[in-house]
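Note on naming: letters A, B, ... go to the chains in the order of the sequence lines (proteins, then strands), and numbering restarts at 1 for each one.
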Amino acid sequence: MHNRAVKKTIYFISVSTAYPIRSLHTAPAAHQNLGYPFQNSKTLDQLKQIHSLAIQKGLALDVSAYSKIISFCCAKDAGDMDYARHVFDTILEPNVFLWNTMIKGYSQTCYPEYAIVLYKKMLERNVKPDNYTFPFLLKGFNRDFPLECGKGTHAHICKFGFDSNEFVQQSLIHVYCLSGQIDMARLVFDTSKKSEAVTWNTMISGYNRMGQFEESRKLFKEMEKRALPTSVTLVLVLSACSELKDLDAAKHVHQCIQDGRIESNLTLNNALIDIYAACGQVNVALGIFISMNNRDVISWTALIKGYINAGQVDKAQRYFDLMPRKDSVSWTAMIDGYLKTNRFKDVLLLFREMQAANVEPDKFTIVSIITACAHLGALELGEWVRTYTDKLNIDCDIHVGNALIDMYFKCGDVEKATRMFHRMPQRDKFSWTAMIVGLATNGRGREALNMFAKMLNVSETPDEITYIGVLSACTHSGLVNEGRSFFISMTTQHGIVPNVVHYGCMVDLLGRAGLLKEAHKFIKDMPMKANTIIWGALLAACRVHKDVEMAEMAAKQLLQLEPENGAAYVLLCNVYAACKKWDNLRELRSVIMERGIKKTPGCSLIEMNGGVHEFVAGDTSHPQSQEIYLKLEEMTENLKLAGYLPDTSEVFLDISEKEKEKAVSRHSEKLAIAFGLLSSGPDVVIRIVKNLRMCTDCHHVAKLLSSIYERELIVRDRTRFHHFRQGSCSCKDYW
DNA sequence: ATAGGGTTAG
């Protein structure tokens, strides 16, 4: 009796008077803000002091005092599980509440497997779990956690008769969704009473997580008939409908809020901005943004995304500049805006600004930067980004890996791309597709097809992009029969209906093999209208196989679709030149002059010593221009010694032969090569990215230079790579 | 005494 009173006193002093429960719970946050390494040490120490005082004085604590200590130690983010365990182990017969609390505590740590260990111990000690036990236990399960644990726990839930408890069901649905077993989640959901909004919300959130947005929308419609949605429901359904670009859903939900049926909040408003932005209604998004009394970084970022979607990158930039605080997501959204509008140099500039602002990039940022490097052919910078990624301990996940594979290929480094692929712990269909497309465009058709066979072997399902890679592998390596059979099997074996790009690949394939009539028949039999790319492919084939008649027909079709298409005129000129039809060439040139047709200026990029250098034909704007032209003269001398004669047949302009030769000698890729030779050591591979097709003369010169200077040259043009080594090219002179 | 679901970007 006396003893009991003392215990009460201790409890009273420790919690209610000396250290009121409020302060015990609020203190950790304050410490956290100050950045203390051990957020809760002070209050936890106080608790421990009281505990040790009690032990010193020989005062026994009652169960409720132990419970307080243990629940405090098990509190989220501030706990000390070792201490909790220490106290817990001194209790002879812990009740189910204490077991639950310990399980909850471990579930929140990074060692949730201890929760399972404890649960098993609890059963060994003949304590029956109650309806609180399983939600706590399941909370510790996450994506990385073995699925068997989820299944085993489910069996226990049934055995102990909690499978009809809605809280338990919610936890089960959540865990099954996290581990990707959406069907199992649905099974539990279907057996549930579904009396609570949370049950519906959990299921909808699961569908969202799996990208099954249709299902989310369907479930919401069903829910509206049977249960009252909450603001969380609306956020979830907006998120799904944003992906589906369902403007009606946006308006419907918006109406629910405006009718006052559901109270709005910051998150919900953000979700509304996002969906209107995704549906191209950036002005409505702006209206919501303006009407909000408080906004966070997500509100701003969602609005900026809206302007980027609408193609108004500069307006997005203006809002971006106004942001009171920017996080890595906002920076990445803005960077992506430049990426999507092909402003790759702006991508790199913004990335530097981001670093100057001391915002750490995350893996999303890294993917964007690597993609920009890929477009610019900036291998050095890409490599630096990769090292930087390691340094910042950014998880090199499957997306980063895929981006790197693509970058290495787009920089012409087949070996590094291949090494990256083999080093990846996990691969998805995008990794395989990147390999197939990359090998194909780099002239390794056979290897690309081997890759494809391996992909099917590991049961990865190819998609339409994979087949573009497969077909272009056949094209680049002249494998006509293989190409024909892949074109059929893509439909019969994988149910992929060929689109206009696949037909384009086939025209390319047949055209390259000289089967111009068959290619033309292929176009005529297409189920869709041929576009300029299709006619362009045929026209290009006519140039190589010198078929004037077919070329004129293809050019006529092309120009009907796009009268101002300069490339079509250029190609036809090239055909006339190749066939020595000088009268036709002269006539066509005067037509071009009359109509004022403009040819896209050729432009070559080269990355050298940390910068990307850009050249156009006859460029004198480079700071080292004088040296470059001196190098060019030296190159020309060496070429002449090797028996080189300029090939001016593809010169577009009507000028004298001497001037044509001069024009050809100053093509952008030649300037870039000159710059590359004079600013790099003898073993450095020269990589150039060209926006158009290489002209015949430049191609010939590059081959000669690769042997004269004993240098590897890699030129990426619009559609393929040219690896120049010891006087020959990987494209085998078909391009 | 103890439970559950949410927004921005590849």
Side-chain angles (χ1 to χ4, degrees), chain A residues 21 63-68 70-72 74-75 95-105 107 129-139 162 165-175 177 192 196-206 208-209 223 229-240 242 264-275 277-278 295-306 308-309 323 326-337 339-340 361-371 397-403 406 428 430:
Chain A
I21 210 154
V63 172
S64 99
Y66 281 124
S67 301
K68 277 292 160 202
I70 289 172
S71 7
F72 188 71
C74 293
N95 59 17
V96 67
F97 167 77
L98 282 171
W99 285 103
N100 286 347
T101 308
M102 287 299 291
I103 289 171
K104 181 182 85 167
S107 281
D130 65 6
N131 48 330
Y132 287 92
T133 311
F134 293 107
F136 288 147
L137 189 55
L138 289 168
K139 200 178 170 56
F162 294 110
N165 177 293
E166 202 163 338
F167 273 114
V168 175
Q169 288 168 338
Q170 287 160 7
S171 306
L172 262 179
I173 295 169
H174 189 63
V175 165
C177 287
S192 168
E196 290 193 65
V198 175
T199 312
W200 294 86
N201 294 349
T202 310
M203 195 63 226
I204 295 175
S205 124
N208 279 0
R209 197 185 304 273
M223 177 182 181
T230 64
S231 64
V232 173
T233 319
L234 298 191
V235 169
L236 287 165
V237 77
L238 283 177
S239 165
S242 168
S264 192
N265 58 37
L266 178 63
T267 312
L268 192 44
N269 275 321
N270 288 348
L272 272 174
I273 295 178
D274 170 69
I275 193 170
R295 310 172 185 99
D296 64 4
V297 64
I298 296 176
S299 331
W300 285 89
T301 308
L303 182 69
I304 285 166
K305 207 188 90 187
I308 288 169
N309 278 346
M323 284 181 81
K326 304 179 182 94
D327 65 5
S328 66
V329 180
S330 1
W331 282 98
T332 308
M334 198 59 233
I335 284 172
D336 270 340
L339 193 60
K340 288 199 185 91
D362 58 18
K363 53 189 179 184
F364 290 86
T365 325
I366 294 300
V367 168
S368 301
I369 303 303
I370 293 172
T371 309
D397 69 0
I398 204 160
H399 297 285
V400 177
N402 291 347
D406 186 52
D428 59 11
F430 299 100

Which one, [options], comes nearest to the side chain of [X]?
{"X": "A:F167", "options": "B:dG5, B:dT7, B:dA3", "value": "B:dA3"}
{"X": "A:K139", "options": "B:dA3, B:dG10, B:dG4", "value": "B:dG4"}
{"X": "A:V198", "options": "B:dG5, B:dG6, B:dA3", "value": "B:dG5"}
{"X": "A:D397", "options": "B:dG10, B:dG6, B:dT8", "value": "B:dG10"}
{"X": "A:F136", "options": "B:dT2, B:dG4, B:dA9", "value": "B:dT2"}
{"X": "A:D274", "options": "B:dA9, B:dG6, B:dG5", "value": "B:dA9"}
{"X": "A:L236", "options": "B:dA9, B:dG4, B:dG6", "value": "B:dG6"}
{"X": "A:N131", "options": "B:dG4, B:dT7, B:dA3", "value": "B:dA3"}
{"X": "A:F364", "options": "B:dG10, B:dT8, B:dG5", "value": "B:dG10"}

Quiz prompt | A:T301 side chain near A:M323 side chain, heavy-atom distance below 4.5 Å | solution = yes

Establish whether the base of [N] is bridged to the side chain of [X] by a donor-acceptor pair shorter than 3.5 Å.
{"X": "A:N165", "N": "B:dG4", "value": "no"}
{"X": "A:N265", "N": "B:dG6", "value": "yes"}
{"X": "A:E196", "N": "B:dG5", "value": "no"}
{"X": "A:S239", "N": "B:dG6", "value": "no"}

Return no unless some side-chain N or O of [X] is found under 4.0 Å from OP1 or OP2 of [N].
{"X": "A:K305", "N": "B:dA9", "result": "yes"}
{"X": "A:K68", "N": "B:dA1", "result": "no"}
{"X": "A:K363", "N": "B:dA9", "result": "no"}
{"X": "A:S368", "N": "B:dG10", "result": "no"}

Take the protein atom [atom1] of [X] and the nucleotide atom [atom2] of [N], then report the distance between them rounded to whole Å.
{"X": "A:D336", "N": "B:dT8", "atom1": "CG", "atom2": "P", "result": "15 Å"}
{"X": "A:R209", "N": "B:dG5", "atom1": "CZ", "atom2": "P", "result": "10 Å"}
{"X": "A:D406", "N": "B:dG10", "atom1": "CG", "atom2": "C1'", "result": "12 Å"}
{"X": "A:I335", "N": "B:dG10", "atom1": "CD1", "atom2": "C1'", "result": "13 Å"}
{"X": "A:I173", "N": "B:dA3", "atom1": "CD1", "atom2": "C1'", "result": "14 Å"}
{"X": "A:Q169", "N": "B:dG5", "atom1": "CD", "atom2": "P", "result": "15 Å"}
{"X": "A:F97", "N": "B:dT2", "atom1": "CZ", "atom2": "C1'", "result": "5 Å"}
{"X": "A:W99", "N": "B:dA1", "atom1": "CH2", "atom2": "C1'", "result": "18 Å"}

Self-check item: A:N131, A:N95, A:T133 screened by side chain to side chain donor-acceptor pair (under 3.5 Å) with A:N100, the one that passes
Solution: A:T133

Students often get this wrong, so: under 4.0 angstrom with heavy atoms, is [X] touching a base, only sugar-phosphate, or nothing?
{"X": "A:S71", "answer": "nothing"}
{"X": "A:T332", "answer": "nothing"}
{"X": "A:K326", "answer": "nothing"}
{"X": "A:T202", "answer": "sugar-phosphate"}
{"X": "A:D296", "answer": "nothing"}

Would you give the length of the straight line joining atom [atom1] of [X] to atom [atom2] of [Y], rounded to the nearest 0.5 angstrom?
{"X": "A:E196", "Y": "A:F167", "atom1": "CD", "atom2": "CZ", "answer": "5.0 Å"}
{"X": "A:N270", "Y": "A:L238", "atom1": "CG", "atom2": "CG", "answer": "11.0 Å"}
{"X": "A:D274", "Y": "A:T267", "atom1": "CG", "atom2": "OG1", "answer": "12.5 Å"}

Practice problem: Keeping the roles fixed (side chain from A:S239, backbone from A:V235), state whether a donor-acceptor pair exists under 3.5 Å. | Solution: no

Exercise. Test side-chain hydrogen bond (donor to acceptor under 3.5 Å, both in side chains) on A:Q169 and A:T199 and set out the steps.
Key: CA-CA 8 Å; A:Q169 288 168 338; A:T199 312; 5.9 Å; no

